Amino acid sequence: MSIRYRRFLNDPSRAVAEMLEGYVAAHADLISLQDGMVVRAVPKPAGRVGLVIGNGSGHEPAMIGWVGEGLFDVNVAGPIFSSPGPSAILTGIKAADRGGGVLLLVSSHAGDIMNADLAMADAEDEGIRVEMVVLYDDIASAPKDQITERRGGAGLFFVWKMVGAAAERGDSLEECAAVARRARDRSRSLSAAIGTVAHPVSGQPLGDPDDPALSVGMGVHGEPGTRLGEDVEADQIAEHMICRLIDDAELSDGDQVALLLNNAGSVTLMELSVLYRGAVSALEKRGIEVVRSWIGPYATTLDMAGFAFAICHLDEELPALYDRPARGAGFTMIGR
Amino acid sequence: MSIRYRRFLNDPSRAVAEMLEGYVAAHADLISLQDGMVVRAVPKPAGRVGLVIGNGSGHEPAMIGWVGEGLFDVNVAGPIFSSPGPSAILTGIKAADRGGGVLLLVSSHAGDIMNADLAMADAEDEGIRVEMVVLYDDIASAPKDQITERRGGAGLFFVWKMVGAAAERGDSLEECAAVARRARDRSRSLSAAIGTVAHPVSGQPLGDPDDPALSVGMGVHGEPGTRLGEDVEADQIAEHMICRLIDDAELSDGDQVALLLNNAGSVTLMELSVLYRGAVSALEKRGIEVVRSWIGPYATTLDMAGFAFAICHLDEELPALYDRPARGAGFTMIGR
Amino acid sequence: MSKVDRDLVDRDLAVRLVAAAARRVHDHQEMLSQLDAVAGDGDHGVNMSTALGEADRRSGKCDHVTAAEVFKAAGSAFHDTVGGAAGALFGAFFRAMGGGLGRSAEPGPADLVAGLEKGVARVTRVGRSEPGQKTMLDAMAPAVSAARTTREAGGTLASVLRSAAEAARDGAGATAAMRPSAGRARYASDRSLGTEDPGANTVALIFEAWADEISGGKHG
Amino acid sequence: MSKVDRDLVDRDLAVRLVAAAARRVHDHQEMLSQLDAVAGDGDHGVNMSTALGEADRRSGKCDHVTAAEVFKAAGSAFHDTVGGAAGALFGAFFRAMGGGLGRSAEPGPADLVAGLEKGVARVTRVGRSEPGQKTMLDAMAPAVSAARTTREAGGTLASVLRSAAEAARDGAGATAAMRPSAGRARYASDRSLGTEDPGANTVALIFEAWADEISGGKHG
Ligand SMILES: Nc1ncnc2c1ncn2[C@@H]1O[C@H](COP(=O)(O)OP(=O)(O)O)[C@@H](O)[C@H]1O
Ligand SMILES: Nc1ncnc2c1ncn2[C@@H]1O[C@H](COP(=O)(O)OP(=O)(O)O)[C@@H](O)[C@H]1O
Ligand SMILES: [Mg+2]
Ligand SMILES: [Mg+2]
Ligand SMILES: [Mg+2]
Ligand SMILES: [Mg+2]
């Protein structure tokens with residue numbers, strides 16, 4: 001299938017550092033680099049809750065593109081596919097602290113949680129008020145009765161958007177953490193991909209590059225999933241995936257959802273649009289209304305030929321947070 | 001190299017129609033479908049100049065994502081890689097007419113110009129005031145003394161953004177056309193790619209999928225360019241391409257430019273950022289200042305592993321147009 | 001059929017000519033797309049087959065009473081269904097041809113030649129091109145001038161169209177040795193050396209289909 | 001060196017142990033990454049080699065006067081240079097080991113064992129994991145309990161570390177037959193059957209390097 005080994009880079013071991021320099025230079029009105037971290041060009045007012053995320057690189061625009069007004073205060077970008085260490089996260093926590101406490105939002109991956117845990121312990125030793133919420137939404141990664149074992153996926157962008165809005169408007173640390181948990185518990189995602197990608201530094205493919213099957217539930221690092229037939233069409237894929245999401249989220253007739261379709265890398269907007277159309281029809285024929293839509297690259301895995309659907313079961317309060325303005329280099333919402 | 005034959009579509013011959021449905025459904029607050037064309041959800045005030053573009057599909061978010069406030073009024077999307085016919089363009093002209101005349105902005109490709117020409121003649125017969133400006137910027141496609149033979153490329157997004165702003169603020173048809181020509185004459189682009197893509201309907205690769213070389217000056221439909229060595233690094237590529245642009249645009253020390261880096265499809269944001277960093281340094285070491293930046297997918301060629309640099313040599317008036325707000329499904333600018 | 005009948009370009013003949021062209025191009029569409037894939041974007045066969053298919057569907061409509069109307073409707077079918085360079089140009093060709101033919105109440109071979117000449121002129125104008133640039137004009141222009149020569153020598157409709165078909169085929173063949181200087185293919189001018197131009201081939205196919213149709217379908 | 005000297009876990013010995021571990025892991029980094037590529041993300045060897053290289057650079061610094069400080073500095077090197085699961089865990093292991101060792105003014109084998117036990121306990125806590133899940137703990141836990149047994153039987157530092165190394169190697173070998181239930185690899189649990197856990201291999205390499213270093217470098 002599709003794999004590209006040749007990349008437009010200089011020394012691949014410097015790729016993350018050079019990426020940060022280039023990206024920040026292109027968006028100097030919104031973000032800047034501080035100790036190797038992406039921070040807001042204009043910090044949040046004092047007393048507000050600071051939001052920090054540390055994550056492996058290779059998933060851009062996550063999360064370098066999500067720093068800014070109504071979004072994160074600090075993103076600590078680790079090496080490719082690898083969480084940053086506790087020292088770097090601790091530096092990020094300090095940079096985000098505006099006196100209102102700091103909320104660490106961690107996508108549930110073993111390394112990310114451990115490193116965040118260690119950093120949080122150090123931050124508390126230094127007298128900073130820190131809370132951590134571990135986020136998971138990928139229904140393929142563990143059964144529902146072990147929901148906390150699930151990985152983070154594309155559904156987390158709902159959480160990030162809403163917590164970002166809450167922190168920006170001045171919610172307390174506890175309130176922000178509660179928003180994060182509420183949005184998380186109402187979000188689900190499921191991904192699919194064909195082929196795989198090559199690690200830019202090692203050149204190693206993640207998974208089998210010659211496997212022609214569509215794998216549903218593949219992880220963001222190429223972890224394998226359920227294989228679907230080779231000839232399955234977009235509408236069938238969408239129907240299959242949306243059904244699984246509806247079941248897991250226990251949605252029913254009359255429910256309202258936000259629907260997100262994430263491009264994991266190299267899927268064309270033509271394909272995304274056709275898939276999106278299939279997903280809307282799968283939801284609507286079950287009486288579930290799509291009231292907010294996102295489509296595009298949120299968390300990529302380099303140039304993976306894959307995508308993910310995510311839904312957030314909206315309640316009375318979430319849409320207000322969803323609709324507040326946000327302004328990052330990789331995500332802009334004008335607000336309603 | 002990299003080519004993906006399998007696509008996430010239903011019947012490929014219905015891909016464009018289904019794409020339009022899905023895309024518009026995902027962005028119902030901004031755009032809607034009318035006679036198969038993408039139009040603004042909220043039309044421009046009466047008396048303003050209408051902006052229309054017809055183009056082949058397969059280049060998304062161009063131009064379906066560029067319909068909206070401060071951008072186009074109507075986009076007529078043709079079949080994949082093929083201009084729509086004159087009848088469709090005529091319908092688009094009528095839909096965009098708010099009484100202030102209609103400006104057809106045509107990217108210079110033989111078919112696009114001929115079909116626009118024919119549509120314009122018909123529109124004039126129906127008493128609509130129409131002007132057409134043919135846009136070209138790709139320095140690889142013809143020498144400078146045959147500048148009107150050049151193709152349209154990524155530099156046209158500067159033109160579109162600025163004309164969109166002019167039309168929105170109420171400039172006359174002649175003034176809008178003059179902005180288009182001025183912005184065009186100050187813009188240049190150059191593209192590069194490795195490998196090629198497969199046509200979704202015919203399955204035919206455009207060009208040689210096994211050619212491992214980087215081709216500079218490749219057209220948006222896989223038309224071949226100059227081949228660069230296989231081991232060339234990002235900084236060298238950026239230096240080579242920026243030098244050619246500087247020469248052609250006759251830029252010199254102290255000039256100010258907007259710099260755009262277009263993702264032709266499947267280039268990662270990591271690579272784009274590294275390339276962007278190289279381009280800024282190539283410009284800055286020649287005393288040319290980058291005062292506005294765009295990086296991301298503007299005109300793609302499906303999932304081509306390629307990119308293009310574009311520059312616009314700014315004067316006193318253009319930045320004001322550049323900075324006005326714009327709001328399309330594929331491009332948002334909050335404005336300064 | 002009497003010779004006179006045969007030489008009248010009436011509505012029914014026009015409908016038969018459009019149908020014959022549509023069948024012929026449809027049968028060769030893959031070859032045409034492959035020619036276009038060499039230095040273009042590989043869609044020419046599909047484009048032409050789609051447009052002529054629609055032209056065929058429309059041409060039999062009752063509201064067309066003259067051959068002129070049939071050819072104009074065929075041209076509009078190109079403009080309504082496909083875009084691209086050849087869509088615009090063949091559309092313009094058929095519309096202008098209908099226009100040229102329309103002046104005569106009972107059009108004969110001379111009117112057909114006049115219509116064809118209008119068509120070529122329109123293609124030249126819309127395409128801002130001329131013969132020698134490796135395009136459809138390299139088949140169309142010689143075909144039309146052969147038609148005029150044959151007609152001026154007193155040729156029948158059948159011989160007019162046969163000479164046009166032969167000249168078109170020769171013209172298409174000659175494009176193999178040319179470097180393109182118009183159309184999309186000019187950006188890949190080396191790549192197309194040795195390959196015939198797709199648009200010129202469509203022209204040859206259409207004139208051949210017409211010549212065969214008029215002479216009772218004994219060829220192809 | 002006298003037996004007593006050798007059995008004192010002083011600053012210089014700690015520096016030598018860190019250096020030995022760094023060299024050994026560096027020499028095996030490709031194998032470790034390949035193991036990780038089977039069901040993980042293929043970076044384990046690079047991660048460990050990078051972190052231990054930095055630990056080695058830092059451990060000789062003059063401001064470290066005790067072995068405890070050297071091990072703590074090694075742990076911090078992991079936390080400062082690499083992330084990922086193993087970075088967090090080995091960092092925690094070395095820092096806790098330094099902490100455990102730090103209580104004694106002149107640490108001997110028993111203090112080392114106490115330090116190792118603190119290390120395992122910390123890994124268990126930070127990793128929210130236990131032996132049997134196909135992780136580094138499957139080498140670390142048996143290594144540390146073998147060290148305690150040997151020490152309680154009156155063993156020297158050399159025999160303590162040798163028994164730890166052998167138990168670690170056996171433990172790592174046994175992971176081949178396990179299905180992972182912690183760490184990234186659990187999402188690909190079938191894929192890793194028959195392959196040893198990379199983190200457990202790193203543990204075995206470190207203990208082997210230590211045993212060889214203490215017994216005068218006669219192995220490896
Ligand atoms: N300017 C022109 N003048 C005459 N013929 C042209 C011109 N440009 C293109 N053509 C013809 O159009 C053909 C290509 O048609 P087609 O592939 O259907 O359109 P497109 O190039 O837009 O994909 C060429 O083979 C050539 O004969
Ligand atoms: N929860 C855990 N407890 C103990 N060891 C773990 C745990 N998670 C992962 N590991 C160890 O970490 C190793 C992987 O390390 P590494 O590849 O460097 O990190 P990552 O998995 O983040 O890429 C595994 O082989 C395993 O031994
Ligand atoms: Mg890793
Ligand atoms: Mg075409
Ligand atoms: Mg073509
Ligand atoms: Mg790993």
Side-chain angles (χ1 to χ4, degrees), chain A residues 1-4 6-11 15-16 18-23 25-29 57-58 60-61 64-65 194-195 200 212 230 233-235 237 259 261 265-278 280 290 293-295 297 300 302-303 305 307 327 330 332 334 336, chain B residues 1-4 6-11 15-16 18-23 25-29 57-58 60-61 64-65 194-195 200 212 230 233-235 237 259 261 265-278 280 290 293-295 297 300 302-303 305 307 327 330 332 334 336:
Chain A
M1 297 307 294
S2 139
I3 187 162
R4 177 161 63 99
R6 177 169 176 182
R7 300 219 173 262
F8 303 115
L9 297 173
N10 300 307
D11 175 358
V16 173
E18 293 182 354
M19 165 183 82
L20 294 175
E21 287 174 26
Y23 194 70
H27 300 288
D29 49 332
S57 294
E60 293 69 30
I64 56 176
I194 31 174
E230 281 185 47
E233 293 195 337
D235 282 352
I237 300 170
L259 174 63
L261 175 50
S266 60
V267 178
T268 60
L269 198 47
M270 183 177 291
E271 293 163 285
L272 288 179
S273 301
V274 172
L275 287 163
Y276 183 86
R277 176 180 170 277
V280 169
V290 179
S293 306
W294 282 348
I295 176 170
T300 62
L302 299 171
D303 50 356
F307 58 90
R327 195 171 179 195
T332 304
I334 291 188
R336 311 194 173 193
Chain B
M1 296 307 295
S2 137
I3 188 161
R4 177 161 63 99
R6 176 169 176 181
R7 300 218 173 264
F8 304 115
L9 297 173
N10 300 308
D11 175 358
V16 173
E18 292 182 355
M19 165 183 80
L20 294 175
E21 287 174 26
Y23 194 70
H27 301 288
D29 49 332
S57 294
E60 294 68 30
I64 55 175
I194 32 176
E230 280 186 47
E233 294 195 334
D235 282 353
I237 301 170
L259 174 64
L261 175 49
S266 60
V267 178
T268 60
L269 198 47
M270 184 177 291
E271 293 164 285
L272 288 179
S273 301
V274 172
L275 287 163
Y276 183 85
R277 176 180 170 276
V280 169
V290 179
S293 306
W294 281 348
I295 176 171
T300 61
L302 299 171
D303 51 355
F307 58 90
R327 196 171 177 193
T332 304
I334 291 188
R336 312 192 175 198

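Keep in mind the model is a prediction, meaning the values are calculated, not measured. Just so it is clear: chains get the letters A, B, ... in the order the sequence lines come, proteins before strands, and each one is counted from 1.
Counting heavy atoms from C-beta outward, B/M19 and B/I64 have side chains that approach closer than 4.5 Å.
Both the backbone and the side chain of B/L302 come within contact range of chain A, judged by heavy atoms closer than 4.5 Å. Proximity to chain B is limited to the side chain of A/Y276, based on heavy atoms less than 4.5 angstrom apart. Proximity to chain A (any heavy atom under 4.5 Å) is shown, for B/V267, by both the backbone and the side chain. Of the two parts of B/Y23, the backbone and the side chain both hold a non-hydrogen atom closer than 4.5 Å to a non-hydrogen atom of chain A. Contact annotation for B/L9: both backbone and side-chain heavy atoms come within less than 4.5 Å of a heavy atom of chain A.
Between chain A and the residues B/T268, B/T332, B/L261, the most heavy-atom pairs under 4.5 angstrom are made by B/T268. Ranked by heavy-atom pairs shorter than 4.5 Å toward chain A, the options B/E271, B/R327, B/R7 are led by B/E271.
With sequence neighbours excluded, the residues that form a side-chain contact (heavy atoms from CB on, under 4.5 Å) with B/N10 are A/E233, A/A234, A/D235, A/V274, A/R277, B/E18.
Of the possible donor and acceptor atoms, none in the side chain of A/S293 sits under 3.5 Å from a partner among the backbone N and O of B/H27. Of the possible donor and acceptor atoms, none in the side chain of B/S273 sits under 3.5 Å from a partner among the backbone N and O of A/L20.
Nearest approach of B/M270 to A/G58, heavy atoms of both residues: CE-N, 3.7 Å. When all heavy atoms of B/P61 and B/G330 are compared, the pair lying nearest together is CB-CA, 4.3 Å.
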